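The sequence lines fix the lettering, A, B, ..., with proteins before strands; numbering per chain opens at 1. Since this is a predicted model, take the numbers as computed values, not measurements. Heavy-atom basis, side chains included; hydrogens, waters and symmetry copies ignored.
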Protein chains: 2
Amino acid sequence: MLQHSTDPQLDRVFLALADSTRRAMIEQLSGGPRSISELAAPYDVTLTAIGQHVLALETAGLVKSEKVGRVRTVTLEPKALARAERWLVTHQKRWAQRLDRLGDLLAEDDDDDASATKTKSPKK
Amino acid sequence: MLQHSTDPQLDRVFLALADSTRRAMIEQLSGGPRSISELAAPYDVTLTAIGQHVLALETAGLVKSEKVGRVRTVTLEPKALARAERWLVTHQKRWAQRLDRLGDLLAEDDDDDASATKTKSPKK
DNA sequence: CGAATGCTGAAGCATGGACTTCAGTATCCG
DNA sequence: CGGATACTGAAGTCCATGCTTCAGCATTCG
């Protein structure tokens with residue numbers, strides 16, 4: 001069981017979201033497409049830095065971008081975010097359930113778990 | 001006005017999730033509390049490494065842990081995940097909306113795929 | 001008691017991330 | 001044309017992560 005998923009794409013999505021600047025950029029972009037300069041405006045960093053953030057978001061699949069003339073326009077891409085969201089919702093549900101039943105389980109001892117945390121397992 | 005949220009706690013949550021080992025550990029934990037050794041079992045890393053992952057998860061608020069005797073037991077903590085989920089849901093909704101309207105804008109503005117008779121009113 | 005178990009702390013190392021500066025290139029504007 | 005604009009690439013710094021080994025310290029068991 002315990003499938004170790006090892007999903008590098010999901011890694012990238014969460015990593016991209018783990019930065020407040022990039023999250024803020026996403027918020028900006030939810031108002032519509034923006035150029036690199038427009039994205040850079042609110043922050044006190046160089047254009048280069050913002051370009052690198054865009055690359056991170058693009059690698060994660062969270063945005064796409066296209067250059068027309070000398071301006072690169074960045075647009076949100078909903079699919080990758082949906083995947084991250086699905087992971088979260090699934091797992092949160094799963095363990096909210098568990099916490100729910102915890103109330104009941106506290107009365108008696110639990111048994112739905114194969115590795116038997118309560119018993120000493122000297123198998124090794 | 002575009003306010004830059006700068007939320008270090010949320011940073012930590014997403015960063016913690018940006019690692020497949022830690023996500024897999026969370027999956028394990030959704031089956032119930034586990035000791036450090038039990039968490040380590042499926043992976044080919046040292047106990048120390050797993051201890052560090054647990055610390056990362058704990059810093060993010062995703063788990064809590066308590067040591068009884070010589071065994072540290074790790075348990076899921078749903079609240080932090082709910083926060084991450086809320087961020088995702090909010091933003092995904094926001095821009096799904098936008099993409100929705102985008103379809104309409106394309107249809108009336110520059111339409112080569114007028115095949116779909118978009119008679120819906122997207123304003124809400 | 002002594003040995004095994006379960007973890008923890010300190011240190012070190014390799015890699016990658018976030019940022020910078022500097023030097024371009026391509027485009028647009030007057 | 002010439003200059004401003006909008007990026008882009010290369011390189012370099014700095015710090016955080018993820019991992020290791022090794023040593024140590026309680027705790028539990030025979």
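- Using a 4.0 Å heavy-atom cutoff across all strands shown, R12(A) reaches sugar-phosphate atoms only and no base atom.
- Following rounding to the nearest Å, L55(B) (CG) and dG9(C) (P) show an atom-to-atom distance of 9 Å.
- Remark: C1' of dG17(C) and CG of L57(A) are 14 Å apart, rounded to the nearest angstrom.
- With DNA chain C read from its 5' end, the first of the two nearest nucleotides for G51(B) and R22(A) is the one closest to G51(B).
- In this model, the phosphate group of dT27(C) is not approached by any side-chain N or O of K67(A) to a distance below 4.0 Å at OP1 or OP2.
- S20(B) places none of its side-chain heavy atoms less than 4.5 Å from the side chain of L10(A).
- The separation between D11(A) atom CG and dG18(D) atom P is 10 Å, rounded to whole Å.
- Side-chain contact check for V74(A) versus E38(A): every heavy-atom pair is 4.5 Å or farther apart.
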Mark up nucleotides 19-26 of chain C, 5' to 3', with B wherever a protein heavy atom is under 4.0 angstrom from a base atom, S wherever such an atom reaches only the sugar-phosphate, and - elsewhere. BBBB----
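- Taking the side chain of V71(A) as heavy atoms from C-beta on, and the options dT17(D), dT8(D), dA6(D), the nearest nucleotide is dA6(D).
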Show me, pair by pair, the donor-acceptor contacts under 3.5 angstrom made by side chains of residues 61-68 of chain B, not counting sequence neighbours?
unit_1, atom_1, unit_2, atom_2, d
S65(B), OG, E58(B), OE1, 3.2
S65(B), OG, E58(B), OE2, 3.1
S65(B), OG, R72(B), NH1, 2.9

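- Counting to the nearest Å, the C1' atom of dT20(D) and the CD1 atom of I50(B) are 13 Å from each other.
- Distance, L15(B) CG to dG16(C) P: 16 Å, rounded to whole Å.
- At whole-Å resolution of the value, CG in L17(B) and P in dT17(D) are 14 Å apart.
- For the pair Y43(B) OH and dG18(D) C1', the interatomic distance rounds to 15 Å; values are reported in whole Å.
- Residues D11(B) and D19(A) form no side-chain contact, since every pair of their non-hydrogen atoms from C-beta on lies 4.5 Å or further apart.
- Inter-residue side-chain proximity for L88(B) and L17(A) is flagged as met; some heavy-atom pair is nearer than 4.5 Å.
- One interatomic measurement links the two molecules: CZ of F14(A) to P of dG16(C), which rounds to 22 Å at whole-angstrom precision.
- Expressed to the nearest 0.5 Å, how far OG1 of T21(B) lies from NE2 of H53(B) amounts to 4.5 Å.
- Using a 4.0 Å cut-off, no side-chain N or O of R72(B) falls inside it from OP1 or OP2 of dA26(D).
- A heavy-atom distance below 4.5 Å is not found between the side chains of W87(A) and D7(A).
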